[in-house]
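Take a look at the structure below.
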Amino acid sequence: MTTNQKLDNKSLWERRLKNVPRGVTTAYPVFAEKAKNAEIWDVEGNRFIDFGGGIGVQNTGHCHPKVIAAIHKQVDQVLHTAFQIMPYEPYIVLAEKLNAKAPIDGGAKTIFFSSGAEALENAVKIARAATGRPGFISFLGGFHGRTMMALALTGKVVPYKKGFGPFSSDVYHIPFPMEYHGVSEEDSIKALMNLFKADIDPSRVAAIAIEPVQGEGGFYIASPSFMQKLRKICDEHGILLIADEVQSGFARTGKLFAIEHSGIKPDLITTAKSLAAGMPLSAVIGKTAIMDSVEPGGLGGTYAGNPVACAAGIAVMDLIEEEGILAKSTKLGETLQKRLNELKKTSPHIGEIRGLGGMVAFELVENGEANKPSADLAKKLTTKALEKGLVLLSCGVYGNVIRILVPITADDTVVEEGIQIIEQSLKEI
């Protein structure tokens, strides 16, 4: 193809089907050409409002000028040396900023990787080295990544785990509290106690991994009381608590990390996605003694903590403070929940609406009944919304949850335009 030939979605889609395996799904046959803040334009010039944010990657907006400037500056200096061979300042600067901000008791240390799954894999290694124990507990509906140990922790078979087993042993799942679907906090704690009686002695458990707000699982929120109970159980048995903040971190919930809403402090935090506004970067942050439990050479990766990605991360940390992103996230969440509750009054399809700061979702159910979740309605809504110029993402154990991850920096008028498209689309499905 010549460089001056005009691209179109149809021909690109045909090339995608021919050259890229079907195992990586693509939600929409629309190809992005440029993006700015909360808007994307495809190769045909069509404009879309982005309520997906690259699955929670664009909390500070597409192509934020400060992030782009930091990337450009670093590109002209050093692209790669491998931190294990010849280190560079951006890695240290970003680690210092995260260590100062992370809700970790005592001193903290940070190590960088390239993806959320890679962060989870290494958190497992660190927890095992620190405790000398093999076992792990996570939650039904939780998503922790697509690599093999991360898949073992993930609590959803289709499509993530189907055909890929066997997985690591000594990994166990308990129900995540979902009051709307009949799972109480007491049910979850009881399941954990039964697990200790029937399947693994707590003295063999290295860590419990939990998303303070489940991402792919449906934006269900672990309440402060539940998190406090987990913390107490972990302390009683010498079990580490890992907060998976890959999707819920970096201002999405109105705090830098969602775990801060609970008042408890984890032993390890994994984060990625909006950490570097689109550059591949993830991190494990933890208590100094725990992080130093691994022997030299036991952790690392060729591209882990790439200098360009670290430069982007520094810019993100700075602008979160400079532009009041935490307060903006709280305000965004209030606006979204208020407008969705207004829509619920006229739509029989909307079930529970929930959110923490700007991390907001709503369930689509038949006739407003919680026990009739509808993945079909979710598919119809996302398809209809795209036709009208809005990118929406579905998720959840039942595939019926619509999650909103619009950039926190989005203009109020753009957010309202997106909500109006949801309203119009709901009337037509």
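The pair Lys232-Glu236 meets the salt-bridge criterion, since a charged nitrogen lies less than 4.0 angstrom from a carboxylate oxygen. A salt bridge links Arg339 with Glu416: the closest approach of a Lys/Arg side-chain nitrogen to an acidic carboxylate oxygen falls below 4.0 angstrom. Comment: Lys273 does not engage Glu245 in a salt bridge, judged by the lack of any side-chain N to carboxylate O separation of less than 4.0 angstrom. For the pair Lys97 and Asp318, the salt-bridge criterion is met [side-chain N within less than 4.0 Å of a carboxylate O]. For Arg231 and Asp267, the salt-bridge test passes: some basic side-chain N is under 4.0 Å from an acidic carboxylate O. The pair Glu39-Lys36 fails the salt-bridge criterion, with no side-chain N (NZ, NE, NH1 or NH2) lying under 4.0 Å from an Asp/Glu carboxylate O.
A cation-pi contact links Lys161 to Phe167, judged by a cut-off of 6.0 Å to the six-membered ring centre and 45° from its axis. Because its NZ or CZ atom is not both nearer than 6.0 Å to the ring centre of Tyr160 and within 45° of the ring axis, Arg146 does not count as a cation-pi partner of that residue.
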* To do: Please assess Glu417 against Lys388 for the test side chain to side chain contact (heavy atoms under 4.5 Å, CB included), listing each intermediate value before the final yes or no.
  => CA-CA 11 Å; Glu417 185 181 354; Lys388 299 179 182 297; over 6 Å; no
* Candidate pair Thr253 and His261, rule side-chain hydrogen bond (donor to acceptor under 3.5 Å, both in side chains), full reasoning -> CA-CA 9 Å; Thr253 67; His261 291 278; 3.2 Å; yes
* Audit row: Glu185, Ser223, side-chain hydrogen bond (donor to acceptor under 3.5 Å, both in side chains) steps and yes/no -> CA-CA 9 Å; Glu185 292 181 15; Ser223 71; 2.3 Å; yes
* To do: Mind running side chain to side chain contact (heavy atoms under 4.5 Å, CB included) on Ile111 and Tyr91 for me, showing each step along the way?
  => CA-CA 9 Å; Ile111 183 170; Tyr91 191 115; 3.5 Å; yes
* **side-chain hydrogen bond (donor to acceptor under 3.5 Å, both in side chains) evaluation trace for Asn194 with Lys197** => CA-CA 5 Å; Asn194 287 337; Lys197 292 177 182 178; 4.6 Å; no
* Decide yes or no on side-chain hydrogen bond (donor to acceptor under 3.5 Å, both in side chains) for Arg252 and Ser274, but give the supporting numbers first. => CA-CA 9 Å; Arg252 190 72 241 174; Ser274 279; over 6 Å; no
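One N or O on the side chain of Asp201 and one on the backbone of Ser203 form a donor-acceptor pair closer than 3.5 Å. The backbone N or O of Leu343 sits nowhere less than 3.5 Å from a side-chain atom of Glu423 that would complete a donor-acceptor pair. Thr154 contributes no side-chain N or O that, together with a main-chain N or O of Phe143, makes up a donor-acceptor pair within less than 3.5 Å. Checked by atom type and distance alone, the side chain of Arg354 pairs as donor or acceptor with a backbone atom of Gly218 at under 3.5 Å. In this structure, Asp187 contributes its side chain and Pro177 its backbone to no donor-acceptor pair below 3.5 Å. Judged by distance alone, the side chain of Gln58 and the main-chain N or O of Gly54 form no donor-acceptor pair under 3.5 Å. Thr110 places no side-chain N or O within donor-acceptor distance of the main-chain N or O of Ile285, the cut-off being under 3.5 Å.
Enclosure of atom NZ in Lys328 by more than 12 non-hydrogen atoms of other residues, nucleotides or ligands within 6.0 angstrom is indicated. Sparse packing is recorded around CD of Glu89, with 12 or fewer heavy atoms of other residues, nucleotides or ligands lying under 6.0 Å away. Within 6.0 Å of the NZ atom in Lys66, the count of heavy atoms belonging to other residues, nucleotides or ligands exceeds 12. Summarising the local packing, NZ of Lys344 is surrounded by more than 12 heavy atoms from other residues, nucleotides or ligands at distances under 6.0 Å. With a 6.0 Å radius and a threshold of 12 heavy atoms from other residues, nucleotides or ligands, Asn19 has its CG atom above the threshold.
To the nearest 0.5 Å, atom CG of residue Leu381 and atom CG of residue Asp376 are 11.5 Å apart.
Among Glu96, Glu321, Glu260, the single residue meeting the salt bridge (charged side-chain N to carboxylate O under 4.0 Å, His left out) criterion with Lys101 is Glu321. Checked options Glu216, Gln247, Gln214; the residue passing with Cys395 is Glu216 (criterion: side chain to side chain contact (heavy atoms under 4.5 Å, CB included)). Of the candidates Val415, Ile40, Val391, Val414, Ile49 forms a side chain to side chain contact (heavy atoms under 4.5 Å, CB included) with just one, namely Val414.
A tilted orientation is assigned to the rings of Tyr398 and His181, their planes being inclined by 30° to 60°.
Considering all non-hydrogen atoms of both residues, Pro90 and Ala311 come closest at CB-N, 4.3 Å.
Between Phe113 and Tyr303, the ring centre distance reaches or exceeds 6.0 Å.
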